[in-house]
Amino acid sequence: MFKFYKIPSKDIIDKLIGKKASIKFSSAFTLNDSYELKFNLEIDPLADGHEKQFLKKNVGSTIDDFKSWQKHALDHPGYPWYEEQQQRSAIAQTTALCSFSADNKSNLMWSHYTDNHIGICVEYKPELFEYLKTLKKYILCGKINYSDAPLTVNILEDNISKVEKMMFNKQSEWKYEKEYRIILLSDEETEFIKIEQKYIKAVYLGSRTSTEIESEILAFCKNTDISIFLGITMGDSYKVHFEQYKENKFFIRSFWK
């Protein structure tokens, strides 16, 4: 699996691929899709199970409190939308996610997530995901499903089912990302989870990565098993291709500035 990174300064390189490497998890609030966690909530206030769920959620409440909620939900057509936003916000504020891609050759991905080929893409070994599953904060992982309409979530569904539908479904427009996600419990906007350097298989440099950043990455990967590949956008096609770095070999990687 691959993960794309912008590199605002060379200081972050050590944090990503150094001996004390880490991997970035983010709150859904910080992501670029304004429809992140979008779903349609289904509520039938008269359905069996609501009373039990209400009393469990609202400790100290009474049957009269439940009946008041039931009447409010029935009398206000906009209530499902309000509750949908409440649940969406609650999930977003208590979880963080890390996104990967099954493909590292998409021009759109390089453009959107590496500041137009200036950043890098890190390839991780499958063992990384097995490690992340052992963390106490771990909730779920899996491929993103793409659809033309949001999924419907019944308010009585369990929390894991709700998280799956909210966090593992996106608009069909994003299908090119071939996304895979890992979800952790977290109330942080951004959190770097420490990993071992041995989980990093390769680093791919964008075709416009600066010589300063390139030199820094080469220094960190020296005497390790991490392979270095250079992104090439020169040639007779639109495809991004990569060549493995070789010392003293000159690569024409992109148009001259």
Side-chain angles (χ1 to χ4, degrees), residues 22-100 129-171 174 179-195:
S22 60
I23 193 161
K24 183 181 178 182
F25 279 75
S26 303
S27 163
F29 288 121
T30 67
L31 303 181
N32 60 353
D33 180 6
S34 57
Y35 288 105
E36 195 65 59
L37 273 63
K38 173 64 179 173
F39 67 100
N40 293 323
L41 191 64
E42 180 179 69
I43 301 178
D44 176 4
L46 300 177
D48 291 340
H50 275 298
E51 181 180 318
K52 181 178 179 180
Q53 186 186 72
F54 179 89
L55 295 176
K56 182 179 179 180
K57 182 179 177 182
N58 300 279
V59 179
S61 58
T62 65
I63 298 299
D64 286 340
D65 293 328
F66 166 69
K67 289 181 178 179
S68 177
W69 168 85
Q70 199 174 45
K71 184 177 185 304
H72 178 82
L74 288 168
D75 292 347
H76 294 80
Y79 177 75
W81 180 88
Y82 168 80
E83 184 63 31
E84 177 185 315
Q85 305 315 308
Q86 293 293 104
Q87 298 214 5
R88 186 183 184 196
S89 179
I91 292 292
Q93 291 182 62
T94 55
T95 59
L97 60 89
C98 187
S99 297
F100 303 84
F129 305 99
E130 296 307 312
Y131 164 70
L132 291 174
K133 289 177 184 178
T134 68
L135 299 179
K136 289 183 179 180
K137 294 182 176 183
Y138 172 78
I139 302 176
L140 286 171
C141 68
K143 294 180 180 178
I144 293 294
N145 175 65
Y146 300 94
S147 63
D148 293 331
L151 298 183
T152 297
V153 174
N154 189 291
I155 195 172
L156 293 174
E157 289 182 42
D158 61 72
N159 286 336
I160 292 297
S161 176
K162 290 176 181 177
V163 170
E164 284 182 332
K165 289 184 176 180
M166 290 183 205
M167 305 194 83
F168 290 90
N169 197 81
K170 295 181 70 171
Q171 288 175 281
W174 298 95
E179 187 178 350
Y180 182 94
R181 281 184 174 177
I182 292 186
I183 313 296
L184 300 181
L185 281 171
S186 177
D187 57 3
E188 302 290 335
E189 187 171 291
T190 301
E191 186 172 2
F192 284 86
I193 301 296
K194 293 181 180 179
I195 64 170

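Q93 and S89 form a side-chain donor-acceptor contact under 3.5 Å, judged by distance and modelled atom types alone. Under 3.5 Å, the side chains of S161 and D158 contain no donor-acceptor pair of N or O atoms.
Between D65 and N58 there is no side-chain heavy-atom pair separated by less than 4.5 Å. The shortest distance between side-chain heavy atoms of Y131 and I195 falls below 4.5 Å. Looking at heavy atoms from C-beta onward, D44 lies out of side-chain contact with L156 at the 4.5 angstrom threshold. Side-chain contact between L185 and I139 is present, with at least one heavy-atom pair separated by less than 4.5 Å. In this structure, V163 and I160 have side chains that are not in contact, with every pair of non-hydrogen atoms separated by 4.5 Å or more. No side-chain heavy atom of N40 sits under 4.5 Å from any side-chain heavy atom of V153. Put simply, the side chain of F168 reaches to within 4.5 Å of the side chain of I183, judged on heavy atoms. Two residues are said to be in side-chain contact when any heavy atoms from C-beta on lie closer than 4.5 Å; L151 and M166 fail this criterion.
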field: Steps toward side-chain contact (heavy atoms from CB on, under 4.5 Å) verdict (F100, R181)
entry: CA-CA 6 Å; F100 303 84; R181 281 184 174 177; over 6 Å; no

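When all heavy atoms of L41 and E84 are compared, the closest pair comes out as N-OE1, 3.5 Å. Of all heavy-atom pairs spanning T95 and M167, the tightest one is OG1-CE, 3.6 Å. Here the shortest heavy-atom pairing between S27 and A92 reads OG-O, 3.7 Å. In this structure, K38 and R88 approach most closely via the heavy-atom pair N-NE, 4.1 Å. Nearest heavy atoms, S147 versus A149: OG-O, 2.8 Å.
Ion pairing between E189 and K24 fails under the 4.0 Å rule for side-chain N and carboxylate O. Ion pairing between a basic and an acidic side chain is recognised when a charged N comes within 4.0 Å of a carboxylate O; E51 and K67 show no such pairing.
Between the side chain of Q171 and the backbone N or O of Y35, no donor-acceptor pair lies under 3.5 Å. Panel note: side chain E157, backbone N154; a donor-acceptor pair is recorded below 3.5 Å. In this structure a side-chain-to-backbone donor-acceptor pair under 3.5 Å is missing from K133 to L140.
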Would you mind writing out the side-chain donor-acceptor pairs for residues 68-80 within the sub-3.5 Å range, not counting sequence neighbours?
from: W69; atom 1: NE1; to: Y79; atom 2: OH; distance (Å): 2.7
from: Q70; atom 1: NE2; to: P45; atom 2: O; distance (Å): 2.9
from: K71; atom 1: NZ; to: D75; atom 2: OD2; distance (Å): 2.7
from: H72; atom 1: ND1; to: H76; atom 2: ND1; distance (Å): 3.4
from: H76; atom 1: ND1; to: H72; atom 2: O; distance (Å): 2.9
from: Y79; atom 1: OH; to: E83; atom 2: OE1; distance (Å): 3.0

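With ring centers used as reference points, Y180 lies under 6.0 Å from F129.
Under the side-chain hydrogen bond (donor to acceptor under 3.5 Å, both in side chains) criterion, the residue pairs touching residues 134-146 are K137-E191, N145-N169, with sequence neighbours excluded.
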